[in-house]
Amino acid sequence: MSDAVIKVENLSKKYVISHQTNVRGGHGTLRDAITDGFRSVSKRFTRQSNVDPSHEEFWALNDVSFEIKQGDRVAIIGRNGAGKSTLLKILSRITEPTRGRIIIEGRVASLLEVGTGFHAELTGRENIFLNGAILGMSKQEIKRKFDEIVAFSEVEKFLDTPVKRYSSGMYVRLAFAVAAHLEPEILIVDEVLAVGDMEFQQKCLGKMESVANEGRTVIFVSHNMSAVQKLCERSILLRSGKLISEGETKEIVKDYLSYLTKTAEDPFGDNPERSGSGEIRLTGAELLNSDGIPTTHPVSGENITVALEYETSTEVRGFDVIMTIYNHLGVAVTNLNTRVSGFAIQPDMKGRVYCEIENLPLPFGEYRIAAAIQYNGRNADHFPTLLVFEITASRFFSTFQSPDIQYSTALVAHSWRSESIVRSESLVY
Amino acid sequence: MDLDIISGINQFLTENSSLSYIPLGTCIIIGLAASYYQVNKRTRLQPVTDNGNINTPAKPKLVIEAGRTERQYWHDLWRYRELFYFLAWRDILVRYKQTIIGVAWAVLRPLLTMIVFSVIFGKLAKLPSDGVPYPIMVFAAMLPWQFFANALSECSNSLISNANLVSKVYFPRLIVPTSAVVVSFIDFLISSSILVALMIWYQFVPTWGMLMLPLLILLAFAAALGGGLWFAALNIKYRDFRFIVPFVVQFGLYVSPVGFSSNVVPEQWRLLYSINPMVGVIDGFRWAILGQDTAIYWPGFLLSVGIVACLLISGIWYFRKTERTFADII
């Protein structure tokens, strides 16, 4: 008996993307099916090539194999579209693989969303039973754990109130409480910790840790690298549907983050991460220091400018530029958004857009900038990593020092003052 | 076998030799489990699986592969029977929330339709009722028809309205449409109280044919489920069926013998008329409740039964065939 509880062998999953229905923004219609049917018949007679430009194959997962041992806590990391969610969906049997197979030994419970199947009209009490049943608990089991669940969720007082009257915090707490009391041998968790207040998040992390300590196997997907590092000793890195590496979390997270910065070397070349509808495309991007000279090592506390060059393929009235700066932990530090800051771009066939940040308020560290051009409410062009930069020098404070990054994600301009207290004007009256 | 267990535990312990993060409790449980297993082996041949404990030897083994859901499917259907019950329970609870007259709606709708039909077909058009009070004749048909119509539309929409479940949790998808039909069945039971009231009012004595009713209800159930499964599966891909189903239901009310007796249909057309599966069900209901031998036309009835069976089997087949792609396209 091998001690691998999950064995994944050559797993692949194919999706067929239909561009046409994308444009219509809806689901396939009966008419499409009928006309497509006729078209394929006529093609067979006229012997046209079978390549349909409106349908494109897309491998969300491509030949992925790995093993997970009993009691392991494994994180699956990778950026959006790397295939993490597809993998989870296949593991939890929501969708079928196209090729390959998985052998699982043990009872699996998966948590792809908090509060799946909660019904707004039902009371908290009723929803505990409903949600429990949906997650695969038996009625007996729910009854046995009912008090525990209620205590964990801290909503005793509102048990007989319909959940539509709950605050969103209460709702999430109740939902997580039910999920936390599942007792599977293998627990699959998608980014559910991104909800709730800090205190509750800690509680959830603690609960998951204790689940793992009981010898259960946990598979965890998250963008939150600090949660991943706290919770999982092993990680699997996926990129464009392929397994890139697996091993100790520390190493893998390092790999992942350094890869993120590497793709920025030539973002306009053959970049598989790039996406968008293409009416407007970026053709150049640079980070300029206060003298207008391109740099990769801006100085914190000085003004920097992000310069973007674009081209439009059709006549456009206006568009928005959105940039997000991420730090080495993958945490979004800030967002630069023309819509939010209220700047209207005057578009042309070709043009430049500049965004100046005054007194760059970032501590030492590596950063990347993700950028998107939004036109008509969707992405015309999108780069998960457009630029990378590293801050090694700071003039933000007069000492040229920077606070430890463990305690800061951004710098705040501030001043200190001190005075001595003369006994008669003491603040305590 | 027990050697395997012991060595497995040993391996587990040595692999996690730091042991710092294994709480003492777990160790004790492992130890107890091991000794329990040993003792048990001596006294009984069958090892006792105590479920929930992770170190029991018998673990469900699951293979996920393309096209391989079949083997576990029917077993899972049984395992998830409680979910079936909970979904039906939810729909019943929610159905009449925030309404003033609540469950009375289940009674009121067929009652009003029955009155309208009795007046139009019985009093104005003066259609024959074969010596039975017209309201009772209409209602004996209204009951299965309303059940069928509600069940069919609820069933067709069931997957779409539970889209969040379908795309986020695994369970045999057949549970959703089936529980939708069961909910309509509850309405059916409630509204049958009107029939009882009508029979008392007109002092109508039921016949022994009543004993056939459960079978006929089963037939209506199968017809609704069969059609509903087709529509539910097609609805996932083609939302056109959201518009088609209400039309089918509305149209069906007029082509089925609800407001009139199917004796009205000329003899040579009756077999053709019975292609509509509800004709058999409704005629059967009239025959069972009213005891009219003329109400039922046996070749037609058997044809209806055959069509219902085809509908149900093909419905399950198509549903099962497309089920695995539901989560991808919903």
Side-chain angles (χ1 to χ4, degrees), chain A residues 1 3 5 8 11-12 15 26-33 69-71 89-108 110-113 116-117 119-122 126 129-130 132-139 141 162 183 185 209-210 212-216, chain B residues 4-5 7-8 11-12 15-16 21-23 25-26 29-30 51-52 54-55 57 59-69 72 79-80 82-87 89-90 93-94 97-98 162 164-171 234 236-241 244 324-330:
Chain A
M1 206 167 100
D3 57 349
V5 284
V8 174
L11 197 70
S12 301
Y15 283 103
H27 298 273
T29 62
L30 201 57
R31 190 181 62 184
D32 288 345
K69 292 200 181 83
Q70 161 101 58
K89 279 193 173 177
I90 296 175
L91 276 172
S92 29
R93 285 202 284 169
I94 292 163
T95 178
E96 248 196 352
T98 312
R99 266 188 235 141
R101 66 177 185 164
I102 303 176
I103 299 171
I104 300 178
E105 281 173 46
R107 217 163 71 113
V108 184
S110 56
L111 227 57
L112 301 196
E113 182 187 66
T116 310
H119 199 291
E121 296 282 350
L122 297 180
E126 288 159 347
F129 279 95
L130 180 64
I134 287 168
L135 293 174
M137 281 194 243
S138 71
K139 201 177 167 190
E141 215 177 331
E183 277 183 1
E185 285 138 9
E209 231 163 315
S210 71
N213 285 345
E214 284 160 24
R216 296 182 218 283
Chain B
D4 235 339
I5 299 296
S7 66
Q11 201 177 349
F12 179 70
E15 278 211 5
N16 299 292
Y21 72 88
I22 300 183
T26 316
I29 290 173
I30 293 169
N51 74 60
I54 51 156
N55 284 300
K59 266 191 201 163
K61 188 168 169 175
L62 176 73
V63 179
I64 302 171
E65 221 173 3
R68 179 167 170 150
T69 41
Q72 289 118 6
R79 217 164 64 80
Y80 278 84
E82 280 193 337
L83 178 61
F84 170 80
Y85 157 76
F86 273 113
L87 282 182
W89 170 76
R90 174 197 71 180
L93 271 184
V94 169
K97 282 236 166 145
Q98 268 199 15
N162 286 298
N164 61 332
L165 285 190
V166 172
S167 59
K168 294 289 180 193
V169 203
Y170 168 79
F171 55 87
L234 286 166
I236 292 244
K237 199 162 185 191
Y238 310 111
R239 299 290 152 96
D240 305 51
F241 284 89
I244 294 175
R324 56 188 64 137
T325 60
F326 283 174
D328 295 336
I329 52 180
I330 199 164

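Because the structure is predicted, anything quoted here is derived from the model rather than measured. Protein chains get the first letters and strands the later ones, always in sequence-line order, with residue 1 at the start of each.
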Could you look at A:Ser138 and say if it's the side chain, the backbone, both or neither that has a heavy atom under 4.5 Å from chain B?
both

From CD1 (A:Ile104) to CD1 (B:Ile64), nearest 0.5 Å:
4.0 Å

The single option from A:Met137, A:Glu141, A:Lys139 passing side chain to side chain contact (heavy atoms under 4.5 Å, CB included) against B:Glu82
A:Lys139

Chain A contacts, top residue of B:Val166, B:Asn162, B:Leu87, B:Val94 (heavy-atom pairs, under 4.5 Å)
B:Val94

For B:Phe84, give me all partners under ring pair (Phe, Tyr, Trp, His ring centres under 6.0 Å), at least two apart in sequence or on another chain.
none

Residue B:Tyr85 versus chain A: region with a heavy atom under 4.5 Å:
side chain

Closest non-hydrogen atoms of A:Ser92 and B:Tyr170, given as atom of the first, atom of the second and distance, are O-CB, 3.1 Å

Of the listed residues (A:Ala133, A:Pro162, A:Gly136), which shares the most heavy-atom pairs with chain B below a 4.5 Å separation?
A:Ala133

Region of A:Leu11 that comes under 4.5 Å of a non-hydrogen atom in chain B:
neither

Test item: A:Tyr15 and B:Asp328 side chains (from C-beta on) under 4.5 Å apart, heavy atoms:
yes

Apply the test side chain to side chain contact (heavy atoms under 4.5 Å, CB included) to residues A:Thr95 and B:Arg324: give CA-CA distance (whole Å), side-chain angles for both, the deciding distance (0.1 Å), then the verdict.
CA-CA 6 Å; A:Thr95 178; B:Arg324 56 188 64 137; over 6 Å; no

I need the B:Phe171 CZ to A:Ile134 CD1 distance, nearest 0.5 Å.
7.5 Å

Nearest 0.5 Å please: distance from the CH2 atom of B:Trp89 over to the CG atom of A:Leu122.
6.0 Å

Residue A:Thr116 versus chain B: region with a heavy atom under 4.5 Å
both

Taking all atoms of both residues into account, what is the closest heavy-atom pair of B:Arg90 and A:Leu130, and its distance?
CD-CD2, 3.5 Å

